[in-house]
There are 2 protein chains.
Amino acid sequence: MTTYTPAAASARSGFSLDTLRYYERIGLLFDIGRTAGGQRVFTEDDLDWMGVLRCLRDTGMPIADMRRYAELARHGETTHAERLRVLREHAVQLREHIAELVDQQQHLHDKIRWYESQTPELPADATPADPADATPSDPADATPCDPTPDLPAGSAT
Amino acid sequence: MTTYTPAAASARSGFSLDTLRYYERIGLLFDIGRTAGGQRVFTEDDLDWMGVLRCLRDTGMPIADMRRYAELARHGETTHAERLRVLREHAVQLREHIAELVDQQQHLHDKIRWYESQTPELPADATPADPADATPSDPADATPCDPTPDLPAGSAT
DNA sequence: CCTTGACCTGGAGCACGCTCCAGATACGAG
DNA sequence: CTCGTATCTGGAGCGTGCTCCAGGTCAAGG
């Protein structure tokens, strides 16, 4: 059974040593093995669980919710239904968040295009508006980030 | 020329009164009008600018960068090229961030599906995996959020 | 006028998520 | 056994982005 030192676990998980210790303190990591001398010993399973934590964290789940989820995970299979509920709820949040980002991304691109039209001598190097862009969004809206010249600093120009 | 009280500006922009004052203090809002008595008077242009701030903020631009951008905006048309550069850079960041979220979203959905397969008696109500979902992503990867039963709490089951 | 609610300022405080520190201990190479 | 690096613990500190507060001022209706 493969095990990992704290340094190795940190490297593989991408969490800092301090973060791993912090996560254990607050209950996101639990049942972490120890040597006779008291040093942590991480298993493959621990690493996998860290992958779950990373997914939840990187998708914006607050620590408090992750603690609830970890608590459920700690209590075995009887909590599957509840865990599923938590994940579904989080997926809804995530979908909404992504949708908002994509929306604002559209406005941002509109603004960039406005600036480009104002300074045609400039090379349109970066952000080449890749047609196979990672994020679609029907161009049928326009609220913030409107393509205007950043209105202040010229109120009565 | 239409003007707005602080309360109205707050309502229209979605920023709290305290946030508007904070933004003025740190330079994100500037040249805000005042009554003889010292109370703020916001204009249509101010509101539009707040829309820009909201776009940048909601897409994750740090306050420090927003200050730089505001500083540029405050200095007139000569800074157009630099502003364009800032926006393009931010657009790149945003694209990367969205891509990562979409990636993790896929893992999250995988995990949800795994739970569903484990508890088939449960209704698959929420997150109905809408085929016309807002965010595409080729299902040709799987790293974190793997569809496993949240490995801890059963190391040797 | 007078009241009352909106607004002002400067500065303290807070929630979140780590990150750093001091002082002590553990472990592996030589 | 010794040395040097890795880890340990408890607790303080930090960076970000607001949010709240006290004590005072402004402005519009009655």
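Per chain, numbering begins at 1; letters A, B, ... match sequence-line order.
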What are the two closest heavy atoms between B:Ile32 and B:Val41, and how far apart are they?
CG2-O, 3.9 Å
Polar side-chain atom of A:Asp46 near backbone of A:Thr43 as donor-acceptor pair, under 3.5 Å
yes
Could you pick out which residue, B:Gln39 or A:Glu24, lies toward the 5' side of DNA chain D when each is mapped onto its nearest nucleotide?
A:Glu24
Tell me the interatomic distance from A:Ile26, atom CD1, to C:dT19, atom P, rounded to whole angstroms.
13 Å
With side chain to side chain contact (heavy atoms under 4.5 Å, CB included) as the test, pick out the partner of A:Met61 among A:Glu89, A:Arg68, A:Gln93, A:Met66.
A:Met66
Whichever of A:Gly37 and B:Met61 has its nearest DNA chain D nucleotide further upstream toward 5':
A:Gly37
Can any side-chain N or O of B:Arg67 pair as donor or acceptor with the backbone N or O of B:Gly27 at less than 3.5 Å?
no
Just the rounded figure in Å: distance from C1' of C:dC21 to CZ of A:Arg21.
11 Å
Over how many whole Å does the gap from B:Asp18 atom CG to C:dC8 atom P extend?
10 Å
5'-most contact on DNA chain C: B:Val41 or A:Thr35, nearest heavy atom basis?
B:Val41
Whole-Å gap separating P (C:dC7) and CZ (B:Arg34):
12 Å
Between B:Leu108 and A:Cys55 the two heavy atoms that sit nearest each other are N-SG, 4.4 Å
Determine: side-chain N/O of B:Thr5 to OP1/OP2 of C:dC7, distance under 4.0 Å, yes or no.
yes
Can you tell me how far P of C:dA6 sits from CG of B:Leu17, to the nearest Å?
10 Å
Grab the CD1-C1' distance between A:Ile63 and C:dA15 for me, whole Å please.
12 Å
For residues A:Glu100 and A:Gln104, is any side-chain donor paired with an opposing acceptor at under 3.5 Å?
no
Students should find that the nucleotides of DNA chain D closing off the region near chain A, any atom under 4.0 angstrom from a heavy atom, are D:dT7 to D:dG11
Between A:Arg21 and A:Glu24, does at least one N-O distance fall below 4.0 Å, as a salt bridge requires?
no
NA contact type, B:Tyr23, heavy-atom cut-off 4.0 Å: base, sugar-phosphate, or nothing?
sugar-phosphate
Separation of C:dT25 C1' from A:Arg40 CZ (nearest whole Å)
14 Å
